[in-house]
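Worksheet: one structure, shown below.
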Amino acid sequence: MQPPDTAKTGLSMDRSQSLPKRSSAAGGWGALKSCGKHLLGSRAPFSNARALLSANQPDGFDCPGCAWGDPAHGSSFEFCENGVKAVSWEATDKRAAPRFFAKHTVTELRGWTDYALESEGRLTHPMRYDAGTDTYRPVTWDEAFAEIGTVLRGLDHADRAEFYTSGRASNEAAYLYQLFARAYGTNNFPDCSNMCHEASGIALIQAIGIGKGTVLLEDFEKADAVFVVGQNPGTNHPRMLGDLRRAAERGARIVVLNPVRERGLERFADPQNSVEMLRGASHPIASHYLQPKPGGDMAAFRGIAKVVFARDAAALAEGRPSLLDHAFLTTHTLALEDYRAAVEATEWSAILDQSGLTREEIEAAAEVYLGADKVIATWAMGVTQHRHSVATIREIANVLFLRGHIGRPGAGLCPVRGHSNVQGDRTVGINEKPPLALLEALEREFGFSAPRKHGHNVLGAIGAMLDGASKAFIGLGGNFLRATPDTPLVAKALAGCELTVHIATKLNHSHLVPGRVSYVLPCLGRTEVDRNSRGKVQIVTVEDSMSMVHGSGGINKPASAHLRSEVAIIAGMAAATVGSERIDWAGLADDHDRIRDLIERTIPGFSGFNNRVRRPRGFMLRNLASERVFATATGRANFSSGPLPVATAHQRATALGETFVLQTFRSHDQYNTTIYGLDDRYRGVYGERRVVFAHPDDLAVLKAQFGEWVDLVGVGTEDGIERVAEDFRLVPFDMPRGSLAGYYPELNVLVPLSAFGEFSETPTSKSVLVQVRARGAAAKAA
Ligand SMILES: Nc1nc2c(c(=O)[nH]1)N[C@H]1C(S)=C(S)[C@@H](COP(=O)(O)OP(=O)(O)OC[C@H]3O[C@@H](n4cnc5c(=O)[nH]c(N)nc54)[C@H](O)[C@@H]3O)O[C@H]1N2
Ligand SMILES: Nc1nc2c(c(=O)[nH]1)N[C@H]1C(S)=C(S)[C@@H](COP(=O)(O)OP(=O)(O)OC[C@H]3O[C@@H](n4cnc5c(=O)[nH]c(N)nc54)[C@H](O)[C@@H]3O)O[C@H]1N2
Ligand SMILES: [Mo]
């Protein structure tokens, strides 16, 4: 592959070894300028401006961006630069119509970048792959459904089909999808959350009996301290920055744990504050910025616990009251003494080595914790995409339990979700290990026998497709090929299928590795009006990170007259596959209220669903843990008391020698595998995605000049697979020595399928072991 011409990439940094110039604060004028650019770039600025005014409004659509909650009061449009990008990317007037597909073979399109493919605009017609001409050709919906049904009915077992979900799907679409797959006979539900917050769900169910966070947006108005661990809200949850900033202004302490100095966590200029904008002012966010080594967060929290226990012992020895919340601990938790023993048995040397922090830094964080009446801990992918993520999240929960920071105002656990409805999809049944109660409820309601055998998650599905056990892949949105590890292997897995079906809004690389029979089925997006056969507007519902369920109805004219809603497409495939004797698929597709009635009857927490969802802010699903009712096996909140990991990624890298820990994260101009642009403004990178960030001293060791092109080679696995990512430029950055960072999905070729989280089976895309080679050296050696 030819690297981009450096003269043209406009990498806006001087060629000295200094840090790149970064924007001085997140938000601010840069954000406004960027919005204008994206609105105009969509070539539909007016309908988009109108669309934006109804994003996250009570009677508008749910922003297809992140899953951060919406404010209870005030209905003014909350400005979000990356929400603007998400909306205008979907509401573009560019079209990837049949004539585009006639002009370009699939083989040719495979050579295009992710950015170029999606830039072609919205899909307009159902398309079938034609192997003779190596192109996609338009078909009718009926032909598509009939053939999909025939292939699925022809498989010798339902477990040979994989039903993937990406977290943008609405509750109604996801519910119908799981009903289809289970009526067909399988629990194979690989889900984007397997690569995302899986560890949070598992750890929280063990710890507090529910796999969701316990705080509401209002709690951020009351907290005295917020620990923001392993996430980059300036880019990925921009509206969260507003809440953090208001907290900081009130005097709350914000303790950040992040190996990389992220601009948005340092300072934020509110684009909605005109005085601030004119003065070029901004407000600091983090009161403490700790830069742990990758995967060092469990050690950091254990260090905090060690300080807390020590101070508590000292207080008691001096006759002062205990610093722990014994009322909470005695009534509501189990195994405190085991935890105390585990903390005491952990040596400071191990804590300092794994965390990479100093004792002073950990003590300062512990002081913040001890000085606060109400503490919230938030986290995202920097915590969940490691080998020891489940143990780490348990440790974060342990620390909050010590002073009773759960189930009271201003305090609690807050995994910040990714996709806008990833949490809701799970709630309505996208689960490869379904609870028995769900299966029984479906059986009672629909009269079929639901499969009991647990199904495949993402890694399970890839394995089954690779060894030929699975033969069909259906994708409800998403980009399975580019979001998963070991890209070439996953391409082989998909191409080996009898059937691949992708329900999508835009063309992506997953569509370009067709199975024997392959369809791309275009659907309506969130921003578009969905009318049923009688012209009645249909709404869908979603659940945000705070368990708030609310309605979403588009306002834009559909991108093409041939589009169908996700619900209608699922219903069409289901009717053709399992028939309509037991389930009136067509009737359900035509009236989403009827799907909501079924959800109400089969999923707990949805009583009065159709009424409650039409209230302005929707409703909150009951969250027992936030009421201090812990539905764990023990009926209590459980401490965990395991030791620290035997070795974290950076310790393994040190043992291997000349090895770095690479994390794959998001630039400011992307939504997962959707690339909006080539800039990463807050990190000072422009016009280029093939970059790898490193500590300046590591560059010196590598004898690399700033901007030098290198190859990265995967090491440390025993699966015998050679992994090389060629042509990346080194960029110095404020981050720990021995670690590297670069963008997903380009670097997914280095993420091994064989390396995944303990219990979560999430690929460890934040701790990939690599070595750096001079450009071309890796290819020569291979
Ligand atoms: N605009 C935009 N919004 C998005 C998305 C998007 O792509 N674009 N994606 C959506 C999705 S699906 C998700 S899951 C979320 C993702 O939201 P984030 O989790 O913020 O996503 P990442 O870019 O992967 O950033 C991970 C952060 O964790 C830090 N980190 C890496 N390793 C470690 C570690 O070991 N310890 C600690 N403490 N920190 C670490 C990184 O430096 C980085 O700042 O955002 C959602 N929102
Ligand atoms: N190396 C590495 N890999 C990662 C991650 C990482 O941090 N590093 N992050 C992981 C995470 S957190 C996640 S959540 C996954 C994301 O994995 P996915 O959810 O599979 O990927 P997306 O990029 O969000 O999917 C983009 C595609 O969705 C389709 N789409 C957009 N809107 C709609 C819609 O309204 N309906 C339908 N049906 N389709 C639509 C478009 O065709 C678009 O091309 O990636 C994971 N992979
Ligand atoms: Mo995610």
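Only a predicted model underlies this, so the values are computations on that prediction, with no experimental measurement involved. When a ligand or atom number is given, it counts from 1 through the structure's own listing order. The analysis underlying the following values was restricted to heavy atoms, covering all of them including side chains, and did not include hydrogens, waters or symmetry mates.
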Ion pair present between Glu395 and Arg302, side-chain N to carboxylate O less than 4.0 angstrom? yes
Mark the output for Arg526 as yes if a heavy-atom distance to ligand 2 is under 4.0 Å, and as no if none is. no
Verify the ring-centre separation between Phe665 and Tyr744: is it less than 6.0 angstrom? no
At what distance is the nearest protein heavy atom to atom 23 (O) of ligand 1, and which residue and atom is it? Arg666 N, 3.0 Å
As a check for students: among Pro233, Gly382, Ser765, Ser389, identify the option with a heavy atom nearest to atom 33 (C) of ligand 1. Gly382
Row check, Tyr671 ring normal vs Arg168 NZ/CZ: under 6.0 Å, within 45°: yes
Going by the atom numbers of ligand 2, which of them fall below 4.0 Å from some non-hydrogen atom of Glu118? 43 (C), 44 (O)
Below 4.0 angstrom from a heavy atom of Cys523, which ligand 2 atoms are there? Numbered from 1 as shown, please. 36 (N), 37 (C), 38 (N)
Which residue and heavy atom of the protein sit nearest atom 10 (C) of ligand 1, plus the separation: Tyr671 OH, 3.5 Å
Thr235 neighbourhood, listing ligand 1 atoms whose heavy-atom distance to it stays under 4.0 Å: 1 (N), 2 (C), 3 (N)
Just jot down the ligand 1 atoms closer than 4.0 angstrom to any heavy atom of Cys196, in number order. 14 (S)
Arg666 NZ/CZ over Tyr743 ring centroid, <6.0 Å and within 45° of normal: no
With nothing but distance in play, are any N or O atoms of Gly478 less than 3.5 Å from an N or O of ligand 2? yes
Sub-4.0 Å atoms of ligand 2 with respect to non-hydrogen atoms of His419: 14 (S), 19 (O), 24 (O)
Would you check, one step at a time, whether the test side chain to side chain donor-acceptor pair (under 3.5 Å) holds for Asp734 with Gln291? CA-CA 9 Å; Asp734 187 345; Gln291 293 178 273; 3.3 Å; yes
His237 and ligand 1 - part of the residue with a heavy-atom distance under 4.0 Å: side chain
Nearest non-hydrogen protein atom to atom 21 (O) of ligand 1, with distance, is Asn236 ND2, 3.0 Å
Evaluate His511 for polar contact with ligand 2, using N/O atom pairs at a separation under 3.5 Å. no
Would you mind checking which non-hydrogen protein atom is closest to atom 36 (N) of ligand 1, with the distance to 0.1 Å? Asp297 OD2, 2.7 Å
Between Arg689 and Glu746, is the salt bridge (charged side-chain N to carboxylate O under 4.0 Å, His left out) condition met? List the steps. CA-CA 8 Å; Arg689 285 184 57 84; Glu746 287 85 345; 2.6 Å; yes
Relative to atom 26 (C) of ligand 1, which among His650, Glu262, Lys766, His197 owns the nearest non-hydrogen atom? Lys766
Ile503 to ligand 2: N or O pair under 3.5 Å? yes
Which residue and non-hydrogen atom of the protein lie closest to atom 7 (O) of ligand 1, and at what distance in Å? Asn672 N, 2.7 Å
With heavy atoms and a 4.0 Å threshold, my read on which part of Asn232 contacts ligand 1 is both
What atoms in ligand 1 come closer than 4.0 Å to a heavy atom of Phe665? 22 (P), 23 (O), 24 (O)
Using a strict 4.0 Å threshold on nitrogen-to-oxygen distance, state whether Arg683 and Glu262 make a salt bridge. yes
What I want to know is whether His386 and ligand 1 share at least one N or O pair that is separated by under 3.5 angstrom. yes
Taking both backbone and side-chain atoms of Glu90, is any N or O found less than 3.5 Å from an N or O belonging to ligand 2? no
Against the six-membered ring of Phe61, is Arg526 placed for a cation-pi contact (under 6.0 Å from the centre, within 45° of the normal)? no
Can you confirm, on distance only, whether ligand 2 has an N/O atom lying under 3.5 Å from any N/O atom belonging to Ala483? yes
Using a strict cut-off of less than 4.0 Å between a Lys/Arg side-chain nitrogen and an Asp/Glu carboxylate oxygen, indicate whether Glu543 and Arg426 qualify as a salt bridge. no
For ligand 1 and Pro294, I'd like to know whether there is a polar contact (N/O to N/O, distance under 3.5 Å). no
Before signing off on this row, confirm whether Asn258 and ligand 1 have an N or O atom pair separated by under 3.5 Å. yes
Close-contact set for ligand 1 against Gly295 heavy atoms, below 4.0 Å: 34 (C), 35 (O)
Based purely on interatomic distance, does Gln670 place a nitrogen or oxygen under 3.5 Å from a nitrogen or oxygen of ligand 1? yes
Give the atoms of ligand 1, by number and element, whose distance to some non-hydrogen atom of Gly230 is under 4.0 Å. 19 (O), 27 (C), 28 (O), 37 (C), 38 (N), 39 (N), 40 (C)
Between Asp544 and Arg417, does any side-chain N to carboxylate O distance fall below 4.0 Å? no
Any side-chain donor paired with an acceptor under 3.5 Å for His502 and Ser510? no
With heavy atoms under 4.0 Å as the rule, classify the contact between Gln663 and ligand 1 as side chain, backbone, both or neither. side chain
Please write down residue, atom name and distance for the protein heavy atom closest to atom 19 (O) of ligand 1. Met381 N, 2.9 Å
Considering the heavy atoms of Asn82, write down every atom of ligand 1 situated less than 4.0 Å from one of them. 1 (N)
Near Gly477, which atoms of ligand 2 are under 4.0 Å from a heavy atom of that residue? 37 (C), 38 (N), 39 (N)
Any nitrogen or oxygen of Thr484, main chain or side chain, under 3.5 Å from a nitrogen or oxygen of ligand 2? no
Which atoms of ligand 1 sit under 4.0 Å from any heavy atom of Ala380? 19 (O)
Interatomic distance, Ile569 atom CD1 to Cys523 atom SG [nearest 0.5 angstrom]: 5.5 Å
Does Gly418 reach ligand 2, in the sense of a heavy atom lying below 4.0 Å from it? no
Pair Ser739, Gln663: side-chain N/O donor-acceptor within cut-off below 3.5 Å: no
If you measure from OG1 on Thr484 to CG on Leu753, what distance do you get to the nearest 0.5 Å? 7.0 Å
What part of Asn508, side chain, backbone, both or neither, has a heavy atom within less than 4.0 angstrom of ligand 2? side chain
Considering the heavy atoms of Val260, write down every atom of ligand 1 situated less than 4.0 Å from one of them. 42 (O)
